[in-house]
Amino acid sequence: HVQLVESGGGSVQAGDSPGLSCKASGLTFARHVMGWFRQSPGKEREFVAAISWDGRSKVYGDSVKGRFTISRDNANNLMYLQMNNLIPEDTAVYYCAADEDPTGRIQTAPRSYDYWGQGTQVTVSS
């Protein structure tokens, strides 16, 4: 039974730099590309960032490039998203996702991911 559990969301001020965590269980974590997505009311789920099996390759969405950093700890089945200099437009529910594609290729489309967390709300006030 695969479980992805996000933590670290909440209400912050513009300019703050909080972090999110994703704890995975029930899967071979080091053989899953991991990703972060977000969704605001009335909008489609948006790609935020993804990281390769070994953490060496990272891909970011244009709206967060240069401000957010994705990382992973394979020894402890954890993935992180460090968010710097938040703006109100970053307000969304943030989801952790795992892709079991055996090629290990990084994908940015939500439909490519097989497992999802329940999401954590991040609200940025100006």
Side-chain angles (χ1 to χ4, degrees):
H1 173 59
V2 176
Q3 272 196 309
L4 302 176
V5 180
E6 302 95 340
S7 59
S11 296
V12 298
Q13 297 292 315
D16 284 353
S17 299
L20 302 180
S21 300
C22 172
K23 176 70 173 178
S25 61
L27 76 171
T28 306
F29 184 73
R31 281 294 176 262
H32 283 71
V33 167
M34 298 297 296
W36 288 100
F37 292 80
R38 66 186 184 185
Q39 190 165 20
S40 307
K43 294 188 177 181
E44 293 188 352
R45 193 161 293 192
E46 177 190 11
F47 171 75
V48 174
I51 187 167
S52 62
W53 292 348
D54 60 4
R56 292 182 180 180
S57 296
K58 303 172 185 181
V59 177
Y60 295 94
D62 288 342
S63 60
V64 307
K65 206 172 292 183
R67 298 189 298 124
F68 290 12
T69 302
I70 189 172
S71 61
R72 66 190 297 163
D73 174 359
N74 285 349
N76 292 294
N77 287 13
L78 285 164
M79 178 178 65
Y80 303 99
L81 184 69
Q82 177 61 43
M83 304 182 292
N84 292 333
N85 195 21
L86 285 177
I87 59 178
E89 290 76 16
D90 293 319
T91 295
V93 177
Y94 284 72
Y95 296 92
C96 164
D99 180 2
E100 62 183 6
D101 183 347
T103 69
R105 191 171 126 192
I106 292 179
Q107 304 282 0
T108 61
R111 65 178 180 273
S112 297
Y113 287 75
D114 301 286
Y115 306 106
W116 293 84
Q118 81 288 351
T120 186
Q121 176 72 45
V122 175
T123 302
V124 185
S125 301
S126 58

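One is the number of the first residue; the rest follow in order along the sequence.
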Asks: Which residue pairs pass the ring-ring contact (aromatic ring centres under 6.0 Å, His included) test when at least one of the two sits in residues 88-126, sequence neighbours left out?
Replies: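 Non-adjacent pairs meeting ring-ring contact (aromatic ring centres under 6.0 Å, His included): Phe37-Tyr113, Phe37-Trp116.
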Asks: Over all heavy atoms of both residues, which pair between Ser126 and Pro88 is shortest? Give the atoms and the distance, please.
Replies: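 So the two residues come closest at CB-CG, 3.8 Å.
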Asks: Kindly work out whether a path of hydrophobic side-chain contacts (I/L/V/M/F/W/Y, heavy atoms less than 4.5 Å apart) joins Val93 to Ile70.
Replies: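 Different clusters.
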Asks: Which residue pairs pass the disulfide bond (SG atoms under 2.5 Å apart) test when at least one of the two sits in residues 46-126, sequence neighbours left out?
Replies: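 Sorted pair list: Cys22-Cys96.
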Asks: Write out all pairs satisfying disulfide bond (SG atoms under 2.5 Å apart) with one or both partners inside residues 32-78, taking only residues at least two apart or from two chains.
Replies: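 Found none.
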Asks: Please, which pairs that meet salt bridge (Lys or Arg N to Asp or Glu O under 4.0 Å) have at least one residue in residues 55-69, sequence neighbours excluded?
Replies: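 As it turns out, the salt bridge (Lys or Arg N to Asp or Glu O under 4.0 Å) pairs with a partner in residues 55-69, which skip direct neighbours, are Asp54-Arg56, Asp62-Lys65, Arg67-Asp90.
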Asks: Could you work out the complete set of other residues in the hydrophobic cluster of Ile87, with links drawn between I, L, V, M, F, W and Y side chains under 4.5 Å apart?
Replies: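 Result for Ile87 is none, singleton.
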Asks: Can you list every pair that meets salt bridge (Lys or Arg N to Asp or Glu O under 4.0 Å) and has a residue in residues 92-114, with sequence neighbours left out?
Replies: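 Non-adjacent pairs meeting salt bridge (Lys or Arg N to Asp or Glu O under 4.0 Å): zero.
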Asks: Which pairs count as salt bridge (Lys or Arg N to Asp or Glu O under 4.0 Å) when at least one residue sits in residues 6-21, sequence neighbours excluded?
Replies: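 Listed once each, the pairs would be none.
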Asks: Just grab all the disulfide bond (SG atoms under 2.5 Å apart) pairs involving residues 33-68, residues at least two apart or on different chains.
Replies: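 Non-adjacent pairs meeting disulfide bond (SG atoms under 2.5 Å apart): zero.
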Asks: Taking Thr91 for the side chain and Ser40 for the main chain, is one N or O donor matched with an acceptor at less than 3.5 Å?
Replies: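 Such a contact is absent between Thr91 side chain and Ser40 backbone.
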Asks: Please give the remaining members of the hydrophobic cluster of Val5, linking ILVMFWY side chains under 4.5 Å, ordered by chain and number.
Replies: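 Under the 4.5 Å side-chain rule, Val5 groups with nothing.
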Asks: Among residues two or more places apart or on two chains, list those pairs meeting salt bridge (Lys or Arg N to Asp or Glu O under 4.0 Å) that have a residue in residues 42-53.
Replies: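 Residue pairs passing salt bridge (Lys or Arg N to Asp or Glu O under 4.0 Å), neighbours aside: Arg38-Glu46.
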Asks: Given side chains that start at C-beta, do those of Val64 and Leu81 come closer than 4.5 Å, heavy atoms only?
Replies: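 A side-chain contact is absent here, since even the closest heavy-atom pair is not under 4.5 Å.
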Asks: With rounding to the nearest 0.5 angstrom, report the CE to CE distance, Met79 to Met34.
Replies: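 It is 4.0 Å, given to the nearest 0.5 Å.
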Asks: Mind checking what makes side chain to side chain contact (heavy atoms under 4.5 Å, CB included) contact with Val59, not counting sequence neighbours?
Replies: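 Partners of Val59 by the side chain to side chain contact (heavy atoms under 4.5 Å, CB included) criterion, ordered by chain and then number, come out as Phe47, Ile106, Thr108.
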Asks: Sequence neighbours excluded and cut-off under 3.5 Å, please list the side-chain donor-acceptor pairs for residues 23-33, or say none.
Replies:
from, atom 1, to, atom 2, distance (Å)
Lys23, NZ, Asn76, O, 2.6
His32, ND1, Thr28, O, 2.8

Asks: Under the 3.5 angstrom rule, does the side chain of Tyr80 hit a backbone N or O of Asp73 as a donor-acceptor pair?
Replies: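 Checked: no pair found.
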Asks: Please find the pair of heavy atoms, one from Ser112 and one from Gln107, that lie closest to each other, and give the distance.
Replies: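 Result for this residue pair: CB-CB, 3.6 Å.
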